[in-house]
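Note that these values count all heavy atoms, side chains included, but never hydrogens, waters or copies made by symmetry. Predicted model only: the values in this text are computed from it and were never measured. Chain letters run A, B, ... following the sequence lines, proteins first and then strands; every chain starts at 1.
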Amino acid sequence: MSFGFELLKKDEAGARLGRVTTAHGAFTTPVFMPVGTKATVKTMTPEELEDTGVDIILANTYHLYLRPGHNVIKDLGGLHSFMNWQGPILTDSGGFQVFSLSNLRKIDERGVTFNSHLDGARYTLTPENTVEVQEALGSDIIMPLDECAPSGADREYTVRSMNLTHRWALRSKAAKREEGPALFGIVQGGMFADLRRESAATLVEAGFDGYAIGGLSVGEEKDVMREMTYAAVEHLPEESPRYLMGVGTPEDLVLGVEAGIDMFDCVMPTRNARNGTLFTSGGKLVIKNSRFERDPEPVDPECACYTCSNYSRAYLRHLFMAGEILAMRLNTLHNLYYYTALMKDMQRAVREDAFGDFKKSFFGRLAALA
RNA sequence: GGGGCCGUAGUUAAGUCGGUUAUAACGCUGGCCUGUCAAGCCAGAGGGCGCGGGUUCGAGUCCCGUCGGCCCCG
């Protein structure tokens, strides 16, 4: 297997600089992975992703299994060839859909039975077939099936759910081909710090190529999310990559890196772009607001992206209000550029022993412009 | 000349046999979006019913007149 992680540097607070190697190339961490659920990061071509600085993307097992079907993709040479993205790909297992499509599924020891959100057809995801599907897709990093419990889950439910997730993780590991992709373990444990520690320790004992922290940013308070992150990280090995699943806002990313997280993914930059919210060095900007009707300035005067280099807020607002497809493209391009640039800034800060200063100026600027 | 239909938010319409603060959609304004069921979701503002009379306890709903638009017959 060609997967590897090298920890290049760690600062006193815990922020890390690292390097992940996969079968489809290497990338520096901390890294942000845009979400390309259905084998496309919505509105962007792979070339455009590369140009904005994207290193690795995420795709979804559940969605691709339903359509077009993993065997179709396998027959066409795998996901990389199919979608023309030659960089690393991480696939999520469908575990999040256990949570987000909770009204359409049933969980038992064997796995999760869904009614397809597309046509209602019933089918079952198990730890084993989830691994099989992800291997067929040709993913570089695969995730085991897990249960992402709701934020309000009580301790009894959470313990049961966590233990089930652990058993599924072991079954996933057993199902994986020897020379297959990298497999991460997913720490669960809800909003209970001791369960988070227990979950991390259990998975580390079993041994995985990397460790993800799942089940966060599901509606809990920010400080709870932080506490859970720290509780899990505490028991994760230095020499393995850590992935905080589904997170988050720019502020979350900075705090996550400080907590020692190496990888992140989130729909926020892409979805918010399509819904008219842009991220800037001065905070969020809702481009559809009427105050931008005649604003000739770029979205973020400090941004070097294609959108900011060529178009005014007034034009972007016009495109958005008119429902033009280009609005979503230009907005997505900007947000992804902002996110990847933020990660590169943090990499540089850790490399130069200046992460503390970076964090201070990052939050200072948001506060000053708020 | 005769007959008929239609005028209700910015727009297009719904308003039962007259009965609380006149509906909806789109548009507009604002907010939200965290391992994508998401070009999505939530909320808000906005009209007193073409105009003038009348009947009635009560009129967008009924009657009369009038203005505007459309249609049919001469």
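Donor-acceptor pairing under 3.5 Å, judged by distance alone, is absent between the side chain of S100(A) and the base of U36(B).
For the OP1/OP2 pair of C32(B) and a distance below 4.0 Å, the side-chain nitrogens and oxygens of N275(A) include no atom meeting the criterion. Applying the 4.0 Å criterion to OP1 and OP2 of C37(B), one finds that Q97(A) has a side-chain N or O inside that range. For R271(A), a side-chain nitrogen or oxygen approaches OP1 or OP2 of U34(B) to under 4.0 Å. Taking 4.0 angstrom as the limit, K284(A) places a side-chain polar atom (N or O) nearer than this to OP1 or OP2 of C33(B). OP1 or OP2 of U29(B) lies within a sub-4.0 Å distance of a side-chain N or O belonging to R317(A). Here N289(A) does not reach the OP1 or OP2 of U29(B): none of its side-chain N or O atoms lies under 4.0 Å away. Dashed line: the shortest gap from a side-chain N or O of S217(A) to OP1 or OP2 of U34(B) is not under 4.0 Å.
Partner assigned to U16(B) is none, using Watson-Crick or G-U wobble distances below 3.5 angstrom. The base-pairing partner of C5(B), taking Watson-Crick or G-U wobble contacts with both distances under 3.5 Å, is G69(B). Remark: G47(B) base-pairs with no nucleotide; criterion is Watson-Crick or G-U wobble with both hydrogen-bond distances under 3.5 Å. Remark: C37(B) base-pairs with no nucleotide; criterion is Watson-Crick or G-U wobble with both hydrogen-bond distances under 3.5 Å.
A distance below 6.0 Å separates the ring centres of Y339(A) and F32(A). Residues F264(A) and Y243(A) place their aromatic rings such that the two centres sit no closer than 6.0 Å. For Y65(A) and Y62(A), the ring centers sit 6.0 Å or farther from each other.
Nucleic acid contact class of T37(A) (heavy atoms, under 4.0 Å, all strands): base. Note on M321(A): only backbone sugar-phosphate atoms sit closer than 4.0 angstrom, heavy atoms only; bases stay farther off. Within the nucleic acid shown, D146(A) comes within 4.0 Å of at least one base atom, counting heavy atoms only. Residue contacts shown for D252(A) include a base, since a base heavy atom lies under 4.0 Å away. Among the heavy atoms of the strands, none lies under 4.0 Å from E324(A). Contact annotation for T43(A): no contact, since no heavy-atom pair falls under 4.0 Å across all strands.
Rounded to a whole angstrom, the distance from the P atom of C73(B) to that of U8(B) is 28 Å.
Map S93(A) and G323(A) each onto its nearest nucleotide of RNA chain B; the residue landing nearer the 5' end is S93(A).
In textbook terms, a nucleotide whose glycosidic angle is within 90° of 0 is syn, and G48(B) is one such case.
Taking the ring centre of F208(A) as origin, the terminal cationic atom of K173(A) falls inside the region bounded by 6.0 Å and 45° from the ring axis.
Between the side chains of Q134(A) and T91(A), a donor-acceptor pair is found at a separation under 3.5 Å.
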